[in-house]
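Please read the structure below before turning to the comments.
Below, each value reflects all heavy atoms present in this structure, side chains not excepted, and no hydrogens, waters or symmetry copies. Residue numbers start from 1 in every chain, and the chains themselves are labelled A, B, ... in the order their sequence lines are given, proteins ahead of strands.
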Number of protein chains: 2
Amino acid sequence: MTDDQSSTAIRVLLAEDQGMVREALAALLGLEGDIDVVAQVARGDEVVAAALAHDVQVAVLDIEMPGMTGIEAAAALHRESPQTKIVIATTFGRPGYLRRAMEAGADAFLVKDAPAAELAEAVRRVLRGERVIDPVLAAAALAEGANPLTGRERDVLAAASDGALNAEIARRLHLSEGTVRNYLSMAIQKTSARNRTEAVRVAREKGWL
Amino acid sequence: MTDDQSSTAIRVLLAEDQGMVREALAALLGLEGDIDVVAQVARGDEVVAAALAHDVQVAVLDIEMPGMTGIEAAAALHRESPQTKIVIATTFGRPGYLRRAMEAGADAFLVKDAPAAELAEAVRRVLRGERVIDPVLAAAALAEGANPLTGRERDVLAAASDGALNAEIARRLHLSEGTVRNYLSMAIQKTSARNRTEAVRVAREKGWL
DNA sequence: CTCTCGGCATGACATCCGTCATGCCGAGAG
DNA sequence: CTCTCGGCATGACGGATGTCATGCCGAGAG
């Protein structure tokens with residue numbers, strides 16, 4: 001943002017949809033003498049263009065954003081600019097999110113519960129080529145194993161999450177109602193839930209949905 | 001935090017459970033020459049004690065926190081220290097939240113989607129005795145009317161929100177299963193939903209739950 | 001070639017959910 | 001006193017949900 005930083009400062013992009021939080025994080029990082037927030041975006045689908053336009057070295061991405069999730073934006077950025085380091089900073093430390101983020105090319109995964117100092121430190125460490133992950137969360141991700149839901153099971157479970165009736169889900173996804181019931185039944189079993197509502201909750205907590 | 005501020009700076013407390021966000025907001029407010037963040041807490045139930053211990057003039061409270069919600073903390077603080085101004089800064093601009101916050105004694109209600117500058121400005125304005133509310137949100141709160149759910153309907157709907165079976169809810173709340181079904185049926189009708197899942201979603205969006 | 005897997009479907013059936021009718025009780029207001 | 005409201009309950013019943021059996025198809029691996 002400011003041009004009076006040292007030319008060796010790390011050029012950082014911040015992607016976070018809540019304006020107040022994003023600007024506060026930019027202010028916080030701005031206090032670091034070696035970090036320069038050169039771009040801020042509020043939508044996932046603006047990440048790549050902004051990163052390229054500002055010659056960004058480290059992108060700090062929230063996950064839940066409009067336009068594209070932070071994980072999707074990470075994958076896109078990794079494809080377009082493989083040398084750009086990616087830090088995911090998210091509200092929920094869900095194991096499935098961690099797994100997907102790392103698969104998408106992220107170099108660090110932070111939870112917003114952590115002290116603010118960890119964000120600046122992660123920015124410096126990823127630039128040095130390090131990986132930054134909470135060991136407890138890493139263990140949970142490894143213990144959970146891969147997401148057991150097939151693509152279609154996920155689609156149907158996601159469609160059911162807001163209270164949609166089977167008949168409506170069937171219409172929406174161009175399936176028969178019986179097929180919807182089958183997919184939901186499988187999703188309920190794979191999440192060890194008792195019904196769809198519980199299955200949604202479990203899948204979300206694990207970052208499977 | 002720092003003691004080298006002018007003695008006329010506004011003494012502010014920040015309550016926010018996410019460490020990174022809280023410290024970033026403190027850093028942001030710390031850049032204002034007339035604002036001094038003298039206390040930070042991560043739990044709603046720590047608000048009152050910290051506000052009194054630090055002679056706080058303005059308390060900035062998130063809503064969703066462990067130990068006590070920001071709205072409950074606002075009510076408690078308003079009772080213990082009526083001259084302390086209260087700013088609610090929340091992720092979701094739910095009409096029911098606004099209503100409840102103002103009833104609890106809040107002087108301002110901000111949504112985190114807003115630009116960061118609005119937070120410092122709200123702090124200054126409430127200290128001058130002003131009320132700060134987004135007019136669109138205020139209109140929505142007035143249009144929604146009061147929460148139509150009775151206390152028991154709310155209890156039962158909340159208990160149903162994570163997928164609990166009626167039999168389990170009945171056990172948990174010491175009711176008969178038929179009564180649970182009745183309360184849920186009423187909640188479903190009052191929220192104009194088609195089933196419990198939708199009723200939960202609607203009630204949450206309106207801040208009724 | 002066979003086997004596995006994901007996607008899709010039909011059909012049967014038990015259980016759960018949601019609605020409605022009905023009614024009792026206590027508290028508070030008029 | 002009556003009326004209203006919230007809390008609670010029983011009972012009947014139709015519809016939605018969830019489970020399971022079964023089977024077809026295409027794609028990919030061995």
Side-chain angles (χ1 to χ4, degrees), chain A residues 96 99-100 103 144-209, chain B residues 96 99-100 103 144-209:
Chain A
R99 179 183 286 268
R100 283 157 57 196
E103 283 167 4
E144 295 289 6
N147 184 344
L149 303 173
T150 68
R152 273 322 237 172
E153 284 159 5
R154 259 195 322 265
D155 291 342
V156 171
L157 190 60
S161 65
D162 64 354
L165 307 176
N166 290 342
E168 187 182 311
I169 297 169
R171 260 189 325 266
R172 205 185 291 176
L173 299 184
H174 308 292
L175 299 172
S176 75
E177 208 173 311
T179 300
V180 167
R181 294 207 297 272
N182 283 336
Y183 282 138
L184 283 173
S185 185
M186 281 313 305
I188 288 166
Q189 286 176 43
K190 289 178 178 179
T191 49
S192 304
R194 286 171 302 179
N195 50 48
R196 64 184 60 192
T197 306
E198 233 179 41
V200 166
R201 198 196 73 211
V202 169
R204 279 199 174 139
E205 284 169 0
K206 293 176 191 287
W208 291 343
L209 201 56
Chain B
R99 178 184 288 267
R100 282 158 57 197
E103 283 167 5
E144 293 291 8
N147 184 343
L149 303 173
T150 69
R152 273 322 236 172
E153 285 160 3
R154 263 198 317 270
D155 289 343
V156 171
L157 190 59
S161 65
D162 63 355
L165 308 176
N166 291 341
E168 186 181 308
I169 297 168
R171 262 193 318 268
R172 204 184 295 175
L173 300 184
H174 308 293
L175 299 172
S176 76
E177 210 175 309
T179 299
V180 168
R181 294 207 298 272
N182 283 336
Y183 283 138
L184 283 174
S185 186
M186 282 311 306
I188 289 165
Q189 285 176 44
K190 288 179 178 179
T191 50
S192 304
R194 286 171 302 177
N195 51 49
R196 63 185 60 194
T197 306
E198 234 180 41
V200 167
R201 197 196 76 220
V202 169
R204 280 201 176 137
E205 283 169 2
K206 293 178 192 285
W208 290 343
L209 203 49

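The nearest whole Å value for the distance from the CG atom in Leu157(A) to the C1' atom in dT17(D) is 14 Å.
When each of Arg181(B) and Ser176(B) is assigned the nucleotide of DNA chain D with its nearest heavy atom, Ser176(B) is the one assigned upstream, toward the 5' end.
Counting all heavy atoms, side chain and backbone alike, Ala199(B) lies closest to Ala187(B) at CB-O, 4.2 Å. Summarising the geometry of Gly207(A) relative to Arg100(A), their closest heavy-atom pair is O-NH1, 2.7 Å, with the distance given to 0.1 Å. Residues Lys190(B) and Pro148(B) come closest through the heavy atom pair NZ-O, 3.1 Å. Taking both residues in full, the closest heavy atoms of Ser176(A) and Thr179(A) are given as OG-OG1, 2.9 Å, listed atom of the first, atom of the second, then distance. Across all non-hydrogen atoms, the minimal contact from Ala164(A) to Ala159(A) is CB-O, 3.5 Å.
Taking OG1 from Thr197(A) and CG from Asp162(B), the interatomic distance works out to 9.0 Å, rounded to the nearest 0.5 Å.
Base contact: Ser185(A) has a heavy atom under 4.0 Å from a base atom. Using a 4.0 Å heavy-atom distance criterion, Arg152(B) is classed as a sugar-phosphate-only contact. Among the atoms of the strands shown, only primed sugar atoms or phosphate atoms (P, OP1, OP2) are found under 4.0 Å from some heavy atom of Thr150(B). If you check every strand for non-hydrogen atoms under 4.0 Å, Asn166(A) touches sugar and phosphate atoms only.
Side-chain contact between Leu157(A) and Trp208(A): absent, with no pair of heavy atoms (C-beta onward) separated by less than 4.5 Å.
Taking Arg201(B) as the reference, Glu205(B) meet the side-chain hydrogen bond (donor to acceptor under 3.5 Å, both in side chains) condition, with sequence neighbours excluded. Under the rule for a side-chain contact (heavy atoms from CB on, under 4.5 Å), the partners of Arg152(B) that lie at least two apart in sequence or sit in another chain are Thr150(B), Asp155(B), Leu173(B), Leu175(B), Tyr183(B). Looking at residues two or more places apart in sequence or on another chain, you find a side-chain contact (heavy atoms from CB on, under 4.5 Å) between Ala160(A) and Ile169(A), Leu184(A), Arg196(A).
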With both pairing distances under 3.5 angstrom for Watson-Crick or G-U wobble, and | for a partner in another strand, the correct string for DNA chain D is ||||||||||||||||||||||||||||||

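Distance alone, capped at 3.5 Å, places no donor-acceptor pair between the Glu153(B) side chain and the Leu149(B) backbone.
Interface limits on DNA chain C: the 5'-most and 3'-most nucleotides within less than 4.0 Å of chain B heavy atoms are dC17(C) to dA21(C).
For the contact set between residues 188-209 of chain A and DNA chain C, defined by any heavy atom under 4.0 Å, there are no members.
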